[in-house]
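One structure is given below, encoded as structure tokens.
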Amino acid sequence: MDNFTVARVLDEIAHYIQLSETTPFKSRAFERAARSVEKLEQDVNALVASHKLLDTPGIGKGIGPVIEELVKSGKSSYLEELRAQYPPGIFDLLRVPNLGLKKIGVLYERLAITSIDELERAAKDNLVAALPGFGAKTQQKILQGIEFARKRESQFLLPAGLEVGELVREQLAAIEEIEDAEVAGSVRRRLEVIRNVNIVIATRAPERVIAQLSRIVADVEVIDETTVKGIARSEVPVVFHLAYPDQFGLAVLRATGTREFAEAFEAKAGRDLAARNEEQLFEKAGIAFVEPELRENADELKRKKRPKLIHPSDLRGTFHVHTTYSDGRNSVAEMLAAARDRGFDYCGISDHSPAAYYAGGLPKERVKEQQADIARESKKLAPLRVFRGTEADILPDGTMDYGDDLDMFDFVVASIHSRFQMTEDEMTERILTALDDPRVTILGHLTGRRLLTRNGYLVNYDRIFDKCAERGVLMEINGNPQRLDLDWRHLRKAASRGVMFVINPDAHSVREMSHVISGTWVARKGGIGAKEIFNTRGVDEVAEWLEKRATKV
DNA sequence: GCCGTTTTCGGCCCGACTGTTTTCAGTCG
């Protein structure tokens, strides 16, 4: 059993404890132990074998045996006991905003509520308002929260759509009558939030294909001779569009959308639209190929010159990478190796600053340890060039966390992690003040949004774009699929005002280094090319730029 | 439950916000 699995079990136990315990300390102890196990340098199995488990901070006589049992038998009787006390799916209630484990615990104890549907009924029957710690307003908020959660239920982040699309396409390949299949729709357009996955199938035997689709998706529903719906992975709606091979190009174009784009295309194109693929279709129509990402409306068909969009292989390095020094899951060495394995020439490490207490922000002394670690590890990974940075909080008054100590860093990502509900004016002033700090290199995730979870804070985009351009501060395109912030809808405007972008993964693990790819989706969708992205530049140019900026201070 | 030590219990615990309270609890980042 690996360290992360052990940590997940401890976290689950902590969750259950919170449901029943009145004080937070016991559950926090389990959470602390989980974090401790995650950050272990060595394998937890080895630690148990050598009887050194109890030397680990946060693991004592209570939690130690839990881990030991887990490692030896693969299960935890304590967790199983807890699971047996509550209905499965009790944590599903966490999807209702402002509903935490304490309140869920009360709802279950007093009203035996185990699901969102039951909660809605109880709130409508006015039973929730009477509970201790609840009231009329909380009850009202719960009902609103349920509505919010339901609306989200039918939406998915793009990576989920891409995964389902690929999976289904692979399964379709096994059906003999299918000559070709392509993922279309909003997934192909790389829209950040999707409702379904559209897949176009080329076949000469549509009936025989339709008869076999139930092997791939559930709840098959035949809409007409060419359209079939189903559900993949028991939650994601899939729409199949069937076409004869010589009509495949047009079918892909139509299913990719948007409708506005497809209609404008067909109006512009000739009458004979038979084509085996989209490239052929565009060629036949005498229209320059429009990348799917740019088809949200018909504007691109009016352009004379095609923009050259950025490609992931244009990226030479990246910034905004977290490590175990703050809230990352992997060590400095592991993150740097991941950057090298990606073929990068440089990588910027940036852990949190002290104001981000909940994320384990680093005090000055810890920064020194981290930088010594970076110095050691970067030697081993040469020629990879490592930049020592920070993701420092923009404090509520617009000053930067670390203050003058920002001099310790090669680069500074300035981000907001607190006081989200300021007015637009206040928030804009706060950010503008930070941008005037000459040590700030990059403005991190501009709006702090979490897709499908919470809206971003309010800002005046134009004023911030102008200030970034004026001060030469790079604007981050945060590639975390939950953020994708700055939004692609703002990129062209920002670029036209002279803003330079940087695509960052905001990686908290080796796996999340791939967020640089999702970052390029945003840039492409915004119509941005390599020239406008700072980290397409070579390592020498980047190093020189950073140094020049630092000495200007 | 863990930790530390004024050695066996008491403290752990950031800060804003909201709503429930009438001084605090729950949630969130």
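We name chains A, B, ... by the order of the sequence lines, and we start the count at 1 in each one.
In this structure, A:Leu94 atom CG and B:dG29 atom P are separated by 12 Å, rounded to whole Å. Separating the CZ atom of A:Arg32 from the C1' atom of B:dC12 is a distance of 7 Å, rounded to the nearest angstrom.
Aromatic ring orientation, A:His417 versus A:His445: perpendicular (interplanar angle above 60°, classes split at 30° and 60°). Ring geometry for A:Phe91 versus A:His15: interplanar angle over 60°, hence perpendicular rather than tilted (30 to 60°).
Legend: residues meeting side-chain hydrogen bond (donor to acceptor under 3.5 Å, both in side chains) with A:Ser353, ordered by chain and number and at least two apart, are A:Asp401. With sequence neighbours excluded, no residue forms a ring pair (Phe, Tyr, Trp, His ring centres under 6.0 Å) with A:His515. Under the rule for a ring pair (Phe, Tyr, Trp, His ring centres under 6.0 Å), A:Tyr358 has no partner lying at least two apart in sequence or in another chain. Applying the ring pair (Phe, Tyr, Trp, His ring centres under 6.0 Å) criterion to A:Tyr108, with sequence neighbours excluded, gives A:Tyr86. Taking A:Tyr402 as the reference, A:Phe409 meet the ring pair (Phe, Tyr, Trp, His ring centres under 6.0 Å) condition, with sequence neighbours excluded. Residues satisfying the salt bridge (charged side-chain N to carboxylate O under 4.0 Å, His left out) criterion with A:Lys364, sequence neighbours excluded, are A:Asp405.
Listed by residue number, the members of residues 41-65 of chain A with any heavy atom below 4.0 angstrom from DNA chain B are A:Thr56, A:Pro57, A:Gly58, A:Ile59, A:Gly60, A:Lys61, A:Gly62, A:Ile63. Residues from residues 139-151 of chain A with heavy atoms under 4.0 angstrom of DNA chain B, sorted by number: A:Lys141.
Remark: the separation of the P atoms in B:dT18 and B:dG11 is 32 Å, to the nearest Å.
With B:dT27, B:dC17, B:dG29 as the choices, the nucleotide that has an atom nearest any side-chain atom of A:Arg454 turns out to be B:dG29.
Residue contacts shown for A:Ala129 are absent, as no nucleic acid heavy atom lies under 4.0 Å away. Within the nucleic acid shown, A:Ile17 has no heavy atom closer than 4.0 Å to any nucleic acid atom.
Residue pairs satisfying the side chain to side chain donor-acceptor pair (under 3.5 Å) criterion with at least one member in residues 134-143 of chain A, sequence neighbours excluded, are listed as follows: A:Asn126-A:Gln139. Here side chain to side chain donor-acceptor pair (under 3.5 Å) pairs that include residues 28-39 of chain A, with residues two or more places apart or in two chains, are A:Asp11-A:Arg35, A:Gln18-A:Glu31, A:Arg35-A:Glu38. The stretch residues 330-340 of chain A participates, sequence neighbours left out, in these side chain to side chain donor-acceptor pair (under 3.5 Å) pairs: A:Asn330-A:Glu334, A:Ser331-A:Glu334.
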Output a table of nitrogen or oxygen pairs between the protein and nucleotides 13-15 of chain B separated by less than 3.5 Å.
{"residue": "B:dC13", "atom": "O4'", "partner": "A:Arg28", "partner atom": "NH1", "Å": "3.3"}
{"residue": "B:dC13", "atom": "O2", "partner": "A:Arg28", "partner atom": "NH1", "Å": "2.9"}
{"residue": "B:dC13", "atom": "O2", "partner": "A:Arg28", "partner atom": "NH2", "Å": "3.4"}

